[in-house]
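See below for the structure under consideration.
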Amino acid sequence: MRRLFLACWPYLRLTSLPHATRATSPASNVYGPWRSYISTSTSTRTSKVLAWEAPSRETLLRKIDCAMKDGNVEEVLQSFSNYKKLHGLPEPRVLNSMIVSLSYMSSWRWLQRAFDMVLSVYQINRNLLNCGSLMRLALALARDQMPVPASTVLRIILESRKLPDVDMLSMSFLHMLKSQVGSYLATDVLIETCESFLDQVTDRREMKKLDPIKNNATLFNMVLESCVNFKCIIKAQKIMELMSLIGVVADVNTVVMASRVFEMVGQRDELIHMKRSIDSLTSLTFLQYCQHFFDSLLSLHFKYNDMDAAAKFLIDLHQQRKPGVFFCNDLQKQSIVQIGSGNLKSGYRIMFDPGKVDRGFVLGTESQFGLVILTDGNLLHTEKALAKLIIGCVKSRNMHILSSFLITSRKDGLELISPQDVVNACIQMGWLHAAHDIIDDLESAGIPVGITGYISLLRAYEKENKSEESNGLLQQIQKIASTMDGIHTNSPFAIKNIAKVVKYEMPLGSSSLLAALADEIKHYNAGEHLTLEFNNSVLFFCKAKMMEDALCTYKRMREQNIRPTLHTFCHILCGYSSMDMHREITMLWGEIKRRLEYGELDLDRDLLDCLVLNFLKGGYFSRVMEIIGYMSKHNIYCDKWKYRHAFLKLHKNLYRNLNSLHDKTEAQSKRIEDVQAFRSWANIK
């Protein structure tokens, strides 16, 4: 070996590295050149690719391209992983091709891997990601019912300050809104999209940036419908407010969705204002949409126990069948629909185009509350609506309203319902005095009732041993006997032989109206209107930022033993939030938590989500972790991405170096502990 080394030594010296001539000692002649060359190559590695590395880079890129053409997803991801380890991220063209190819995969597993890849790229260099390919991936994830990854990809697009393709966004929402979690996330993404671009608009001339979303009312209609379905009143009201700020031109579907939101919250005045706006624009083609709107308005009349307004509404509904009373032909005329009080700065308006109908957004043929139906081109009430009217009048002892309704309908020839049927149904329900009052009012108006009604009421009095009432009714029958068609004898009247003077004995049988009364009486809530009235007052004061008056109203509710509802606390929370009164919100949370523990309130994700965001803004991290723990305990979805970004936006550097504070009070230590707990939960380093 020694002889071989000595023989080769001259050739080794001739092929030594160029820096070898600079060495000053034998040792440096051997090691110095390699050290110098390695140092030089290391320092220039990032700027210049070594000759022997080029095939490796090109080979991996070819592997990725070939695997994508062959549909070999496993090979694509493996080659990408190898490339990333050796050379970092590939160029945007390769990344976007991979994302698009993986988006067409039908397997949940590969879509998840594609999402993981996007997240890894996002954490290193988000500028390499293309909005078009991300939008395709978001649609694929939403279509495969993966709403959380889909919403994350959409939010990554928003961070690039680019508006997502609205048509693809609508399709993504269409799939996301099928689930409860997807509905929450789609609503938040729409709100974040609108707010993001409103923040960018500093001049009215820049509002053109929002034209794609401004002209797509269906996007808002879908989200509003999901808010109604999942009882998200805070989000629903926020969506309608953003529609006004952006200038969305609402269509007839929007009017229907807005009416359902108002019905859910109990804002009857808003519906009455809307009715005035759309009455002059209504046409025969608009009736199918009016059905849903009128259904919501009539429902609120009953909830407010306003039987006078309900009866008038039913009369007006049938009078619309007369030509020229209600309809007009100018359908292209746009109008302004007032949302909220016009006397408050918090009120807002939405542009409404009655001729604009998106056929892709299909409303159900049945109304939500089953009070108004469309039959043969006419809007008619249902028996359920009549049952609610009768029960409301009986329970509130306002029989003159029901009698006036029957008299007016008979005189106007509307044929709403037979007075005889109402009398018989009241008798069978045991409301004898109510039936007697109706008979008296009809007599006074000159409307014949028929002998059957009198006989049925007389027998009911006898059955319940009400001799005074039966004798009075018998005398009443004797006075009008000559005018009755059912009387065929001049024999004197007596309780014992009264049945003998009737041509045909007609026993009372069950009817559809009776069945409707029996069903609706189970759901009747006598005190509901008081709760709605108080809640409306609280909402008015909160919108006007008059929180002291709102709290006084809330205290009066408790003094009168009227239990506050979820809507009460939502209104107060939104009022506090609009004024950044975070300390007061902590006290409100204590009241909410106590009522939740006692079962006086139902769990509501919308309310808890709003609380978390407000506590993040106010820096109350112990409350944040408390509510997050509460949501996790009850399996309520926590939007970690949203909470994480709210924290980074407001408190990015808060206690970043947690060990820098040596002399800490107990309160400071607890606060640092809470911040650290949130950072750990939200994966913030």
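Keep in mind that what you see is a predicted model, and the values were worked out from it rather than measured.
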Quick one: pull up [atom1] in [X] and [atom2] in [Y] and give me the separation to the nearest 0.5 Å.
| X | Y | atom1 | atom2 | answer |
| --- | --- | --- | --- | --- |
| H571 | I233 | NE2 | CD1 | 5.5 Å |
| C227 | M257 | SG | CE | 11.0 Å |
| F262 | L300 | CZ | CG | 10.5 Å |
| M222 | T187 | CE | OG1 | 10.5 Å |
| L616 | H582 | CG | NE2 | 10.0 Å |
| S296 | M274 | OG | CE | 9.5 Å |

Measure from the side-chain N and O atoms of [X] to the backbone N and O of [Y], and report whether any donor-acceptor pair falls under 3.5 Å.
| X | Y | answer |
| --- | --- | --- |
| S632 | G629 | no |
| D549 | F541 | no |
| D295 | L371 | yes |
| N536 | G266 | yes |
| S244 | M240 | no |

Compare all side-chain heavy atoms of [X] with those of [Y] and state whether any distance is below 4.5 angstrom.
| X | Y | answer |
| --- | --- | --- |
| K395 | I521 | yes |
| F197 | I246 | no |
| W641 | L185 | no |
| D674 | Y620 | no |
| V228 | Q368 | yes |
| L242 | L190 | no |
| E528 | T531 | no |
| C638 | W681 | yes |

Applying side-chain contact (heavy atoms from CB on, under 4.5 Å) to W431 and I390, what does each step give before you reach the verdict?
CA-CA 11 Å; W431 303 328; I390 295 170; 4.0 Å; yes
Closest approach of [X] to [Y] (non-hydrogen atoms, all atoms of both residues):
| X | Y | answer |
| --- | --- | --- |
| M176 | S151 | CE-CB, 4.0 Å |
| L514 | A425 | CD1-O, 4.1 Å |
| S299 | E263 | OG-OE2, 2.9 Å |
| A186 | F173 | O-CZ, 3.5 Å |
| T382 | V372 | CG2-N, 4.2 Å |

Please lay out, stage by stage, how K303 and H529 fare under the test side-chain contact (heavy atoms from CB on, under 4.5 Å).
CA-CA 6 Å; K303 285 185 177 181; H529 69 284; over 6 Å; no
Step through it carefully: locate the ring centre of F621, locate the ring centre of F647, and say whether they are under 6.0 Å apart.
yes
F313-F294 aromatic ring centre distance below 6.0 Å
yes
If you measure only the distance, is there a donor-acceptor pair under 3.5 Å linking the side chains of N229 and S183?
no
Just by distance, with hydrogens left out, do Y524 and E520 show a side-chain donor and acceptor under 3.5 Å apart?
no
ring-ring contact (aromatic ring centres under 6.0 Å, His included) partners of F569, counting only residues at least two apart:
Y554
For [Y], is there an ion pair with [X] - N to carboxylate O distance below 4.0 angstrom?
| X | Y | answer |
| --- | --- | --- |
| E626 | K593 | yes |
| R594 | E591 | yes |
| D306 | R268 | yes |

Would you check, one step at a time, whether the test salt bridge (charged side-chain N to carboxylate O under 4.0 Å, His left out) holds for K312 with D308?
CA-CA 6 Å; K312 185 178 184 302; D308 196 6; over 6 Å; no
Run N221 and D251 through side-chain hydrogen bond (donor to acceptor under 3.5 Å, both in side chains) and show every step you take.
CA-CA 9 Å; N221 294 339; D251 61 7; 3.1 Å; yes
Report the residues that fulfil side chain to side chain contact (heavy atoms under 4.5 Å, CB included) with D188, sequence neighbours left out, ordered by chain and then residue number.
R155, E192, K235, R605, D639, K642
With sequence neighbours excluded, what pairs up with H400 under the side chain to side chain contact (heavy atoms under 4.5 Å, CB included) test?
N398
